[in-house]
Protein chains: 2
Amino acid sequence: MITDQEEISRRLDIKGYRLTKQRRAVLKVLQSTISHPDANSIYEKVRKEIPHVSLGTIYRTLGILKEVGLLRELDYGSSLSHYDANAENHPHIVCTNCGRIDDLQSPLPDNLEEQASKATDFLITDHRLEFYGLCPHCRPSSAD
Amino acid sequence: MITDQEEISRRLDIKGYRLTKQRRAVLKVLQSTISHPDANSIYEKVRKEIPHVSLGTIYRTLGILKEVGLLRELDYGSSLSHYDANAENHPHIVCTNCGRIDDLQSPLPDNLEEQASKATDFLITDHRLEFYGLCPHCRPSSAD
DNA sequence: ATAATATTAGTAACGATTATTATTATGGTT
DNA sequence: AACCATAATAATAATCGTTACTAATATTAT
Ligand SMILES: [Mn+2]
Ligand SMILES: [Mn+2]
Ligand SMILES: [Zn+2]
Ligand SMILES: [Zn+2]
């Protein structure tokens with residue numbers, strides 16, 4: 001997670017983007033949570049600081065921060081996207097009951113792309129690994 | 001891929017669903033391609049046999065066939081879903097340029113869920129592994 | 001045949017995201 | 001400080017894949 005203001009400004013500058021208070025606020029929300037909020041949840045939090053911010057600005061900002069590598073978008077199918085201030089590729093575990101998304105703490109095989117390259121003519125540049133299941137609150141307890 | 005008519009009928013019957021000609025047609029389209037078509041592409045193909053079929057029927061049918069385990073839905077983020085008559089979990093490789101989706105031929109680590117279980121309190125029931133890159137038609141050729 | 005149930009085509013509604021636009025803010029230049 | 005070029009914003013409208021609704025039709029059981 002990149003928190004250094006110099007580096008953040010630098011990355012935006014390169015593309016001619018400015019570091020506005022709206023963008024600072026979005027980044028702050030993302031960097032102060034371990035959850036992986038969706039655009040609307042970020043919107044609600046930013047509104048507490050900037051009441052007249054618009055949802056369009058949230059989406060535009062998320063797009064730009066993603067473009068300069070300050071966040072990663074987690075695209076969950078026909079449902080909504082979630083965002084992660086950790087732009088490094090890392091596996092997640094999603095609760096199919098309540099939607100909670102956690103990082104998977106132990107790193108998994110790091111050579112997946114290399115392995116896959118041997119089995120295809122595609123030039124592999126990225127991958128996505130996610131697990132699905134029930135979080136501690138949603139899984140049947142041992143007492144059930 | 002399940003092609004046995006008995007088994008197909010049986011799976012639908014259990015939930016009280018009927019095997020109509022629309023559903024047969026959707027399944028046939030899916031089972032006769034190695035691509036992973038989206039709903040609209042399936043719709044276009046089914047229309048050649050059943051000109052007045054409606055897109056809503058395609059979606060409803062896909063939902064039902066998925067529910068009874070006769071296909072798998074591949075949810076590609078904010079873009080549209082694709083469908084696969086192979087309902088077994090298996091990795092795919094997606095071209096980020098033209099959208100082509102291939103199966104990854106060589107099987108990858110089959111104990112991913114088991115490994116992940118050790119690193120989380122979630123009860124893991126499924127996972128998703130996808131690779132992204134450029135297909136042979138879109139990758140820069142050696143002559144470039 | 002009759003009745004109960006499931007399915008369909010057609011169309012309207014939904015909802016997340018993106019585009020548009022007039023206005024405002026920012027940064028650099030004289 | 002005034003000026004200009006450019007970028008960003010708020011507010012709103014549009015997009016588009018998908019789902020829901022509904023009246024008509026088909027299928028199955030009695
Ligand atoms: Mn994460
Ligand atoms: Mn496949
Ligand atoms: Zn949960
Ligand atoms: Zn391609």
Side-chain angles (χ1 to χ4, degrees), chain A residues 5 8-27 36-68 70-83 99 101, chain B residues 5 8-27 36-68 70-83 99 101:
Chain A
Q5 292 296 309
I8 290 168
S9 291
R10 203 185 58 80
R11 290 188 176 222
L12 289 169
D13 266 358
I14 291 172
K15 296 281 180 77
Y17 297 132
R18 295 168 183 170
L19 181 50
T20 64
K21 70 169 190 292
Q22 287 87 348
R23 291 176 184 170
R24 239 186 272 267
V26 167
L27 205 46
H36 300 77
D38 60 32
N40 202 62
S41 161
I42 296 166
Y43 175 50
E44 294 300 341
K45 285 188 184 123
V46 171
R47 280 174 84 176
K48 287 174 185 165
E49 285 189 38
I50 310 171
H52 286 290
V53 73
S54 83
L55 185 53
T57 296
I58 304 295
Y59 274 108
R60 196 166 358 91
T61 296
L62 290 169
I64 286 167
L65 295 178
K66 177 185 173 188
E67 182 186 347
V68 302
L70 288 171
L71 62 81
R72 174 168 276 253
E73 181 180 2
L74 311 175
D75 243 341
Y76 287 112
S78 20
S79 69
L80 47 170
S81 278
H82 292 250
Y83 298 88
I101 302 165
Chain B
Q5 292 296 308
I8 291 168
S9 292
R10 201 185 59 80
R11 289 187 176 222
L12 289 168
D13 267 357
I14 291 171
K15 296 281 180 76
Y17 297 132
R18 294 168 184 170
L19 182 51
T20 63
K21 70 170 189 291
Q22 288 87 346
R23 290 174 185 171
R24 239 187 270 269
V26 167
L27 204 47
H36 300 78
D38 60 33
N40 202 63
S41 161
I42 295 167
Y43 174 51
E44 294 300 340
K45 284 187 184 124
V46 171
R47 280 174 84 177
K48 287 174 185 165
E49 284 189 35
I50 310 171
H52 285 290
V53 73
S54 83
L55 185 54
T57 296
I58 304 296
Y59 274 107
R60 197 168 356 91
T61 297
L62 290 169
I64 286 167
L65 296 178
K66 177 186 173 186
E67 182 186 347
V68 302
L70 289 171
L71 62 81
R72 175 167 275 253
E73 181 180 3
L74 311 175
D75 242 342
Y76 287 115
S78 20
S79 70
L80 47 170
S81 279
H82 292 250
Y83 299 87
I101 302 166

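Just so it is clear, the model here is predicted, and its values are computed rather than measured. Quick note on labels: first sequence line is chain A, next is B, and so on, each numbered from 1.
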Write down the distance between CZ (R24(A)) and C1' (dA25(C)), rounded to a whole number of angstrom.
14 Å

Could you list the residues that satisfy side-chain contact (heavy atoms from CB on, under 4.5 Å) with K48(A), not counting sequence neighbours?
none

Compare every heavy atom of R18(A) with every heavy atom of L12(A), then report the nearest pair and how far apart it is.
CD1-O, 4.2 Å

Between L80(B) (CG) and dA16(C) (P), how many Å, whole number?
18 Å

Protein proximity profile, nucleotides 2-7 of chain D - base contact B, sugar-phosphate-only contact S, no contact -, cut-off 4.0 Å on heavy atoms
----BS

Double-helix bend of the helix from dA1(C)-dT30(D) to dT30(C)-dA1(D), axes at both ends from 5 pairs, round to 10°, gives 20°

Counting side-chain heavy atoms from C-beta on, which of dA9(C), dA10(D), dT18(C) comes nearest to Q22(B)?
dA9(C)

Smallest heavy-atom separation, S9(B) atom then L19(B) atom, equals OG-CD2, 3.7 Å

State whether S81(A) places a side-chain N or O below 4.0 Å from either non-bridging phosphate oxygen (OP1 or OP2) of dT17(C).
yes

Among the candidates dT7(C), dG17(D), dT17(C), find the nucleotide nearest to the side-chain atoms of R60(B).
dT7(C)

Can you measure from NZ (K15(B)) to CG (D13(B)) and round to the nearest 0.5 angstrom?
12.5 Å

Please give, in whole Å, the distance from dA25(C) P to L19(A) CG?
17 Å

With a 4.5 Å heavy-atom cut-off, do Q5(A) and I8(A) have their side chains touching?
yes

To the nearest angstrom, how far is Y59(A) atom OH from dA14(D) atom C1'?
15 Å

First locate atom CG of D75(A), then atom CG of L80(A), and finally report the distance between them rounded to the nearest 0.5 Å.
10.0 Å

Rounded distance [0.5 Å steps], CG in D38(B) versus OG in S81(B)
9.0 Å

Would you find a donor on one side and an acceptor on the other, under 3.5 Å apart, between the side chain of H82(A) and the backbone of H36(A)?
yes

Atom CG of L12(B) and atom P of dA6(C) are separated, to the nearest Å, by 13 Å

Taking only residues two or more places apart in sequence, or in another chain, which ones meet R47(A) in a salt bridge (Lys or Arg N to Asp or Glu O under 4.0 Å)?
E44(A)

Per the side chain to side chain contact (heavy atoms under 4.5 Å, CB included) rule, which among L62(B), I50(B), T20(B) passes with V26(B)?
L62(B)

Whole-Å gap separating P (dT7(C)) and CG (L65(B)):
11 Å

Out of curiosity, Y17(A) OH to R23(A) CZ, how far, rounded to the nearest 0.5 Å?
8.0 Å

Atom pair distance, as rounded to whole Å: CD1 in I58(A) and C1' in dT17(C)
14 Å

In whole angstrom, give the distance that lies between atom CG of L62(A) and atom P of dA16(C).
15 Å

For DNA chain C, which residues in residues 48-57 of chain B have a heavy atom at a distance below 4.0 Å?
H52(B), V53(B), S54(B), T57(B)

Residues 51-61 of chain B side chain polar contacts: donor-acceptor under 3.5 Å, at least two apart:
residue: S54(B); atom: OG; partner: T57(B); partner atom: N; Å: 3.3
residue: S54(B); atom: OG; partner: T57(B); partner atom: OG1; Å: 3.3
residue: T57(B); atom: OG1; partner: R60(B); partner atom: NH2; Å: 3.3
residue: T61(B); atom: OG1; partner: T57(B); partner atom: O; Å: 2.8

When you check the phosphate oxygens OP1 and OP2 of dT8(C), does a side-chain N or O of T20(B) lie under 4.0 Å from one of them?
yes

